Protein chains: 2
Amino acid sequence: MTDSQDAPTSHRYEEIAAELRGAIERGDFPEGSRLPSENDIIRDYDVARNTARDALAVLRHEGLAIARQGSGTVVSTRKRIKRNSQGRYSRTPSKVNSPFERDAATAGQRGDWECETVKAKASPEVARRLSLDTGDPVTQTTYRFFGDGRPIQVSQSWEPLAITGGTLIERPEDGSAIGVIARMDTIGQAVDHVVEKVTARAASREEVKRLDLPTRGAYVLVIERTHFVGDAPVETCDIVFPGDRYELTYDIPVELKA
Amino acid sequence: MTDSQDAPTSHRYEEIAAELRGAIERGDFPEGSRLPSENDIIRDYDVARNTARDALAVLRHEGLAIARQGSGTVVSTRKRIKRNSQGRYSRTPSKVNSPFERDAATAGQRGDWECETVKAKASPEVARRLSLDTGDPVTQTTYRFFGDGRPIQVSQSWEPLAITGGTLIERPEDGSAIGVIARMDTIGQAVDHVVEKVTARAASREEVKRLDLPTRGAYVLVIERTHFVGDAPVETCDIVFPGDRYELTYDIPVELKA
DNA sequence: TAGTGGTCTAGACCACAAT
DNA sequence: TTGTGGTCTAGACCACTAC
């Protein structure tokens with residue numbers, strides 16, 4: 001639960017962080033507003049530079065604040081974007097928008113995205129996930145998603161050219177079908193289940209850049225997703241989210257009788 | 001993917017971290033072995049204390065190392081415990097072990113757990129999730145799970161006493177049925193779906209203590225789970241995992257025809 | 001140009017673990 | 001008692017942003 005008992009600590013930086021956290025929660029610092037600078041904290045609390053930094057680092061790590069070099073530390077948006085598995089994987093997707101755009105709209109944001117497809121050779125990891133041999137030809141599509149213009153999700157998708165090569169859907173952006181399931185249907189590949197593996201880990205330098213994350217201490221949620229036709233994988237994808245900005249929902253049916 | 005391109009940085013602490021990371025990946029420091037101490041790094045690389053600390057902090061945050069006050073910084077176990085939704089929510093669970101014990105066994109660990117049940121009044125958050133009023137009576141059960149003796153998962157579960165009160169399954173540890181679905185079946189409550197909401201966030205001080213996490217920069221995976229009978233929630237639960245130690249798998253069926 | 005956060009130095013004392 | 005990581009001080013220079 002989020003019952004944040006303010007257990008008193010004997011550490012100065014924790015005390016300062018707790019005061020600032022309280023001020024944020026009371027609304028003294030609305031979302032997007034600037035928090036006291038390190039120099040302000042040094043003066044107001046009579047501490048050294050590192051202690052002021054440590055206090056702000058606590059808030060940054062909690063996802064409450066974002067530091068930007070040269071600009072200051074501001075209170076971040078705490079609303080999480082909800083990504084729901086239900087209705088996401090359907091044979092008859094919406095013709096007018098993507099699941100991501102709907103998720104963004106639910107969070108009150110405008111969703112945009114861009115993608116780029118290239119032909120590549122399967123890395124050992126991609127080959128394993130697609131039951132191919134290393135070096136087999138695949139299409140690799142890189143997506144970047146924006147919420148209100150800020151990068152908020154990146155993903156990379158791989159499909160075996162042995163399946164899609166020469167068809168109308170060789171490139172995801174071609175053809176009229178939206179979504180892996182509908183696209184695969186048009187070439188007779190009937191996807192019957194999707195597996196998503198969720199992990200959390202520290203953001204890589206590359207992800208820090210692409211997702212505009214704080215340079216230190218950022219973590220991401222990663223979904224490793226694979227579409228299957230029976231036991232045969234037909235697409236696999238890595239989806240990366242800022243860890244403090246997303247909520248992933250799964251609705252799991254329970255069979256009615258034993 | 002995990003293709004960690006060692007992009008050169010001009011920062012001393014990143015260089016040191018990269019060297020240590022490389023040494024770990026080469027196997028120079030096997031899992032559980034001690035990394036160079038801060039004093040070692042100060043001497044070997046001729047840097048100040050904070051720079052040595054920053055280098056180790058990078059590895060800690062990546063989940064590669066764990067610092068223990070008074071003891072040293074050791075290479076952590078990289079293997080994630082896999083928690084699979086499939087087969088987890090079933091009417092006919094195993095009689096001999098719990099899903100958690102099987103997950104631990106799959107990771108080559110011995111799983112133990114303990115729990116404690118008390119009667120409580122629903123907090124606003126619990127009331128919302130169970131469609132109750134704040135203050136309504138509930139049973140609250142606190143679980144703690146251990147892998148090879150070390151705490152590895154904590155959870156808290158709430159059930160409305162209006163449903164379970166006076167029955168044989170009022171307390172989860174009573175009766176012979178294992179698991180929420182089988183228990184609810186014995187009192188005629190047929191669970192038909194389970195919703196899991198997955199988030200990542202910074203670990204609270206309480207969780208740092210209960211999960212034996214590093215004191216700074218730890219993050220956790222949280223599942224907010226609710227069992228439903230139709231639209232009626234009959235149990236809700238918060239499950240907290242160390243963020244770098246778990247992998248959550250969801251198998252999502254796709255309906256066969258439009 | 002002034003102010004911000006990012007990196008770094010060179011010390012200090014403390015709590016804790018191993019011995 | 002010794003060595004470890006955790007906290008803290010009091011400075012410094014740098015890269016970057018806003019003005």
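When reading the values below, keep in mind they use all heavy atoms of this one structure, side chains included, and skip hydrogens, waters and symmetry mates. For clarity, every value in this text was computed on a predicted model and none was experimentally measured. So you know, we letter chains A, B, ... as the sequences are listed, proteins then strands, and number each from 1.
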Does [X] put a side-chain nitrogen or oxygen below 4.0 Å from OP1 or OP2 of [N]?
X	N	result
N39(A)	dT4(C)	yes
R53(B)	dG6(D)	yes
S71(A)	dT4(C)	no
Y13(B)	dT7(C)	yes
T51(A)	dT9(D)	yes

Residue [X], side-chain atoms from C-beta onward, closest of [options]:
X	options	result
E38(A)	dT4(C), dG6(C), dT9(C)	dG6(C)
V47(A)	dC8(D), dT9(C), dT9(D)	dT9(D)
T73(B)	dG5(C), dG5(D), dA10(C)	dG5(D)
A67(A)	dG5(D), dT7(D), dG5(C)	dG5(C)

(message) Between E15(B) and Y45(B), do the side chains contain a donor N or O and an acceptor N or O under 3.5 Å apart?
(response) no
(message) Is it the case that the side chains of T117(A) and E173(A) hold a donor-acceptor pair, with the cut-off being a distance below 3.5 Å and no angle test?
(response)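 Indeed, the side chains of E173(A) and T117(A) share at least one donor-acceptor pair under 3.5 Å.
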Value in whole Å for how far the [atom2] atom of [N] lies from [atom1] of [X]:
X	N	atom1	atom2	value
Y45(B)	dT9(C)	OH	C1'	19 Å
I42(B)	dG6(D)	CD1	C1'	13 Å
D46(A)	dC8(D)	CG	C1'	12 Å
H11(A)	dC16(C)	NE2	C1'	12 Å

(request) Taking only Lys NZ, Arg NE, NH1 and NH2, and the carboxylate oxygens of Asp or Glu, determine whether D103(B) and R88(B) approach each other closer than 4.0 Å. (result) yes
(request) Decide, yes or no, whether a salt bridge links E235(A) with R225(A) under the criterion of side-chain N to carboxylate O below 4.0 Å. (result) yes
(request) Look at all strands and tell whether R49(A) reaches a base, only sugar-phosphate, or nothing, counting heavy atoms closer than 4.0 Å. (result) base
(message) For N50(B) and R34(B), find the nucleotide of DNA chain D closest to each by heavy atoms; which residue's nucleotide sits nearer the 5' end?
(response)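 Checking each residue's closest nucleotide, the 5'-ward one belongs to R34(B).
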(message) Using 30° and 60° as the class boundaries, would you call the ring planes of Y143(B) and W113(B) parallel, tilted or perpendicular?
(response) tilted
